[in-house]
Amino acid sequence: MAKYLLNDAVSLPETAFELSEHLGFSSTKPAMWAWYEMAGSVLSHYVVDQQARLTGLFSWFYNDLGFCARDNYFSVEAADLSYCVLKRQGNSTTLSILLILLAKQLDLTLEAILLPGNTVLKSQINDVVKYYDPLTGKELNRHQLHALVRGEMGNAAKLKPSHLKPASLKRLISRMLHELKAGCIVNQKFESAMECCNLLLQWHPDDVHLNRERAFIAQQLGCIKVAMSDLQHFIDLSPHDPVIELVKIQLKELSQHTEVYH
């Protein structure tokens, strides 16, 4: 694949559409035209009252346009913003991104909250903070937010203030890339999964867990030396990680293999 450099000068939806094309999933132009059409159409729902404006946005988005969660929720398509805008199906992150952008067209602020395993939306109108499920547009109370955290991390997990901190654009696109990577692995698109890892490591070079993930992907591609290098990097920088002994066993097993892919 051609080298695509992530930097801090990113924007939505352009960067997300370009990433999709770079990874070989969707073409940028049709997605941009679909976005332009939506961005123009949403302006007809501008009303004076902000809460009524937000309610109208949700009704138009889910009822009139028919946006919804994709049945194959953990697929590449669900995590691909281009596919989401064209087919009107996505996951919590891609649907959140579109709603954030459409809200901006209506002079409303929606922010992404990256809970473990789920992206939700936060609005603050007249000092009243509300949270919404991007899969349905329905409001979420703190008990429901806590249930989402427990569902991902176990019943003992607490809902921490850090969980409800709005995400930066960089973190939001990083989550989208992580979800694209996961979909690639599920669909055995290992070259694209490898490129997702490479892109993420540009922004998060100190995240050794990305090296461990890339080692798994490299092994599937037969790139044994790359896999061994990433595992050794993980061992060197995370000597006290709970999985370190397992990683050492993996490295020992790989050392007995021969490089078969270039």
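The structure displayed is predicted, hence computed values, not measured ones.
Around the NZ atom of K87, the shell of radius 6.0 Å holds no more than 12 heavy atoms that belong to other residues, nucleotides or ligands. Around atom CD of Q51, more than 12 heavy atoms belonging to other residues, nucleotides or ligands sit under 6.0 Å away. By the neighbour-count criterion of 12 heavy atoms within 6.0 Å, atom CG of D49 is densely surrounded, having more than that number from other residues, nucleotides or ligands.
The CZ atom of R212 sits 9.0 Å away from atom CD1 of I244, with the distance rounded to the nearest 0.5 Å. Note that the CD atom of Q220 and the CD1 atom of I217 stand 8.5 Å from one another [nearest 0.5 Å]. Interatomic distance, CZ of F190 versus CG of L221, reported as 7.5 Å (0.5 Å rounding). In this structure, the separation between OG on S59 and NE2 on H45 is 8.0 Å, given to the nearest 0.5 Å. In this structure, OG in S174 is found 11.0 Å from CD in Q202, a value given to the nearest 0.5 Å. L177 contributes atom CG, which lies 11.0 Å from atom OG1 of T93 (distance to the nearest 0.5 angstrom).
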**Request:** Evaluate the side-chain hydrogen bond (donor to acceptor under 3.5 Å, both in side chains) criterion for residues Y83 and R70: first the C-alpha distance (whole Å), next the side-chain angles of each, then the deciding distance (0.1 Å), finally the verdict.
**Result:** CA-CA 10 Å; Y83 186 94; R70 180 166 169 76; 2.9 Å; yes
**Request:** Would you please test S92 and Y73 for side-chain hydrogen bond (donor to acceptor under 3.5 Å, both in side chains) and show each step?
**Result:** CA-CA 9 Å; S92 63; Y73 187 83; 3.2 Å; yes
**Message:** salt bridge (Lys or Arg N to Asp or Glu O under 4.0 Å) for E213 and K181? Distances and angles first, verdict last.
**Reply:** CA-CA 10 Å; E213 284 190 64; K181 168 172 57 65; 2.4 Å; yes
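Between F67 and F61, a ring centre-to-centre spacing shorter than 6.0 Å is recorded.
You'll find the side chain of F17 stays beyond 4.5 Å of the side chain of S27, heavy atoms only. In this structure, S75 and V186 have side chains that are not in contact, with every pair of non-hydrogen atoms separated by 4.5 Å or more. The shortest side-chain heavy-atom distance between Q144 and N141 falls under the 4.5 Å cut-off. Side-chain contact between F25 and S192 is present, with heavy atoms from C-beta onward closer than 4.5 Å. Looking at heavy atoms from C-beta onward, C68 lies in side-chain contact with Q89 at the 4.5 angstrom threshold. Residues K170 and V10 have side chains not in contact (no heavy-atom distance under 4.5 Å, counting atoms from C-beta outward). Contact check for V128 versus I125: no side-chain heavy atoms found under the 4.5 Å cut-off.
The existence of a salt bridge linking D230 and R214 is confirmed by a sub-4.0 Å separation between a basic side-chain nitrogen and an acidic carboxylate oxygen.
I224 and F234 fall within a single hydrophobic cluster, where Ile, Leu, Val, Met, Phe, Trp and Tyr side chains are chained together by heavy-atom contacts under 4.5 Å. L180 and L210 fall within the same hydrophobic cluster, where Ile, Leu, Val, Met, Phe, Trp and Tyr residues are linked whenever their side-chain heavy atoms come under 4.5 Å apart, directly or through other members. A single hydrophobic cluster is seen to contain both Y132 and L65, as judged by linkage of ILVMFWY side chains at heavy-atom distances under 4.5 Å, directly or through other members.
E179 and N91 share a donor-acceptor pair across their side chains, judged by distance under 3.5 Å alone.
The aromatic rings of Y62 and F58 are tilted relative to each other, their planes meeting at an angle between 30° and 60°.
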